[in-house]
There are 2 protein chains.
Amino acid sequence: MDARTPSFDPSPWLPFESRRRARDEKREAVLRTAVHLFLEQGYHRATLTAVADRLNITKPALYNYFRSKDEILFECWALGQERVDEFIAEIGAGGGSGLAKLRKLIRSYAQVMATDYGASLVRFDPRDLTDKNSKIVRAAKKSIDTTFRTYIADGIADGSIKPCDTKLSAFAIAGSLNWIGHWFRRGGALSAEAIAEEFADRLTEGLAAKPIRRKAGPPPEKNKRSRGGSR
Amino acid sequence: MDARTPSFDPSPWLPFESRRRARDEKREAVLRTAVHLFLEQGYHRATLTAVADRLNITKPALYNYFRSKDEILFECWALGQERVDEFIAEIGAGGGSGLAKLRKLIRSYAQVMATDYGASLVRFDPRDLTDKNSKIVRAAKKSIDTTFRTYIADGIADGSIKPCDTKLSAFAIAGSLNWIGHWFRRGGALSAEAIAEEFADRLTEGLAAKPIRRKAGPPPEKNKRSRGGSR
DNA sequence: AATTTTTATTACCAGTTGGTAACTTATACG
DNA sequence: CGTATAAGTTACCAACTGGTAATAAAAATT
């Protein structure tokens, strides 16, 4: 794990690279610890001293990597948003009907929500950020909402989705997905993938113009219930 | 921008007016102001001084009615929970299939979510409360979840709802509903009643064993508007 | 080995805010 | 009217916590 420069290293660049990498690694470690603690205790209750303690350093050391507590919060959010931007770009680049794109969106979004950085997209309060960053967050949220609505509208236009109120439908779907960030627990009864699959079906069942083709077997079977109690 | 309209003052403590209102009325006024401010600024950013200011009194005066800030928070939550308990009792007392009960539940829950006290059920963090109250909140949340699951299971049992994963279905529905507390704005384009109606349809469309009977006319039209609030 | 740069620590401060004590004023009541 | 009680106000504090020198230690560079 130690990326220290080997003494026999011929390149004068590698030391620099490794140094930079070490720094980035530490920065990331701070974020990982911070997002975890912020989620666990809540942003306001979680102190920087507590974050530092978990990293075996002291509070002022954190200021070598971040300028302020709210900057850390913002970076956590940004990492989650990055994931979202990625798959949205992917889906946008690919083809398919509006319904198909919507289902992809749901699947990907659900899986991101099941991660710490993903949860930070909905569990943190933008009002804790600077005005500037708060605006960025709001714009991103708006953009996600627009994506949902666009795909739904696309689906209505191409006939894959029944005519419906795009705004309310988008809210309904986004609500179910965002909620994942609140109840999902790693290692629980449900895997992120299973949730993603199920939600892609469930949340579009009512919207699909035609019944959704299942992977195998005839439509619904027995009551497949999962063991209760997570939360 | 829910404007603070200084044109009229809902506070019982009018600057130079008689101060002989009932104690309970004042207590309620504190809660109304507090829940509003807590939602507007977030619990931690909202100071008791700010709450008091809006009521034309000073911070220590608040302590005539409440013992602490977190007690105020808890009472706000409790008022919202009271509404929920009420309609859950009502629905439980009435009859109907599992699907019918579920739809009633969705309708009522959606409408409560569109109120300040309702939103406080999902916008406030139980970790800000004392351990004791925090437990009460968690128990209540669990109970709501159980209600959702029970109605779904009832529906499956009586044939009104297609076999499905009760846990995930409950989460999906609750998520959509809880999300209302985050985006709903009074005086916006959508009324609480319209949202409630639409959600009762949309969120059960995929679950219903048989197509839902609409109030009138053939299935979906473009941009259908649900009108006529029941209840 | 000496020097510069990076990284971490100790010590500390400032601003905020929930909460309290002492005191004052208004209302109810005998 | 005079007294008791409830309700408000002013003044204040204690504790917490984000953030900042000043400084030491470690690492890289020369």
Side-chain angles (χ1 to χ4, degrees), chain A residues 2-30 33-34 37-38 41-76 125 127-130 133, chain B residues 11-30 33-34 37-38 41-76 127-130 133:
Chain A
D2 190 321
R4 196 166 317 197
T5 311
S7 53
F8 51 81
D9 197 322
S11 166
W13 283 85
L14 270 179
F16 175 82
E17 264 307 300
S18 91
R19 231 180 55 196
R20 190 187 65 74
R21 276 200 52 172
R23 191 185 160 80
D24 285 352
E25 254 170 54
K26 288 182 184 172
R27 225 184 107 100
E28 274 173 38
V30 172
T33 304
L37 205 72
F38 289 173
Q41 309 190 342
Y43 177 68
H44 287 100
R45 275 174 299 280
T47 68
L48 290 184
T49 303
V51 173
D53 277 353
R54 287 208 183 174
L55 291 163
N56 298 318
I57 55 176
T58 56
K59 180 177 62 171
L62 296 175
Y63 285 82
N64 278 318
Y65 307 98
F66 301 94
R67 273 195 287 263
S68 64
K69 190 185 183 186
D70 64 80
E71 184 181 285
I72 295 178
L73 184 69
F74 179 72
E75 295 292 341
C76 291
D125 193 334
R127 291 171 296 192
D128 286 320
L129 304 172
T130 60
N133 286 340
Chain B
S11 167
W13 290 275
L14 298 179
F16 295 106
E17 202 168 326
S18 154
R19 285 173 168 174
R20 67 171 99 159
R21 312 261 178 169
R23 188 183 164 83
D24 284 351
E25 229 172 89
K26 290 184 182 174
R27 224 184 109 99
E28 274 173 38
V30 172
T33 303
L37 204 73
F38 289 173
Q41 309 190 341
Y43 176 68
H44 287 100
R45 275 173 298 279
T47 67
L48 289 184
T49 303
V51 173
D53 278 353
R54 287 204 183 175
L55 291 164
N56 299 319
I57 54 175
T58 58
K59 181 178 60 173
L62 296 175
Y63 284 82
N64 278 319
Y65 307 97
F66 301 93
R67 273 193 289 263
S68 65
K69 191 187 183 186
D70 65 78
E71 183 181 284
I72 295 178
L73 184 70
F74 178 72
E75 293 293 339
C76 291
R127 290 171 297 190
D128 286 320
L129 303 172
T130 60
N133 286 339

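To find a chain, count down the sequence lines: A is the first, B the second, and so on, and within it residues start at 1. Side chains included, hydrogens not; waters and symmetry mates left out as well; all remaining heavy atoms used.
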Atom CZ of A/F66 and atom P of D/dG18: how far apart are they, to the nearest Å?
-> 15 Å
Rounded to whole Å, the CG-C1' distance (A/N56 to C/dT7) equals 15 Å
Where the side chain of A/P60 is concerned, which of D/dT10, D/dA7, C/dT10 is the nearest nucleotide?
-> C/dT10
Can you tell which of C/dT7, C/dT20, D/dG19 lies closest to the side chain of B/Y63?
-> C/dT20
Looking only at side-chain N and O atoms, does A/K59 come under 4.0 Å of OP1 or OP2 in C/dT7?
-> no
Is A/Y65 touching bases, backbone alone, or none of the nucleic acid, heavy atoms closer than 4.0 Å?
-> sugar-phosphate
State whether B/Y63 and B/K69 meet the cation-pi test: NZ (Lys) or CZ (Arg) under 6.0 Å from the six-membered ring centroid, and within 45° of the perpendicular axis.
-> no
Among D/dG8, C/dG18, D/dG19, the one nearest A/L48 by side-chain distance | D/dG19
D/dG8 phosphate, OP1 or OP2: any side-chain N/O from B/N64 under 4.0 angstrom?
-> yes
Side-chain N or O of B/T58 less than 4.0 angstrom from OP1 or OP2 on D/dT9?
-> yes
For side chain to side chain contact (heavy atoms under 4.5 Å, CB included), just list the numbers for B/E71 and B/Y65, CA-CA rounded to whole Å, side-chain angles, deciding distance to a tenth of an Å, and then say yes or no.
-> CA-CA 10 Å; B/E71 183 181 284; B/Y65 307 97; over 6 Å; no
Any ion pair linking A/D125 and B/R45 (charged N to carboxylate O, less than 4.0 Å)?
-> yes
To the nearest angstrom, how far is B/I72 atom CD1 from C/dG18 atom P?
-> 10 Å
Which nucleotide sits closest to the side chain of B/A61: D/dT9, C/dG19, D/dG19?
-> D/dT9
B/F38 CZ to C/dG18 C1': how many Å, rounded?
-> 12 Å
Donor-acceptor pair under 3.5 Å, B/K69 side chain vs C/dG19 base | no
What is the distance from NZ of B/K26 to P of D/dA6, rounded to the nearest Å?
-> 13 Å
On DNA chain D, nearest-nucleotide positions of A/R67 versus A/T47: which is more 5'?
-> A/T47
Whole Å only: how far is the CZ atom of B/R23 from the P atom of D/dG8?
-> 9 Å
From D/dG19, C/dG19, D/dT10, pick the nucleotide closest to the side chain of A/S68?
-> D/dG19
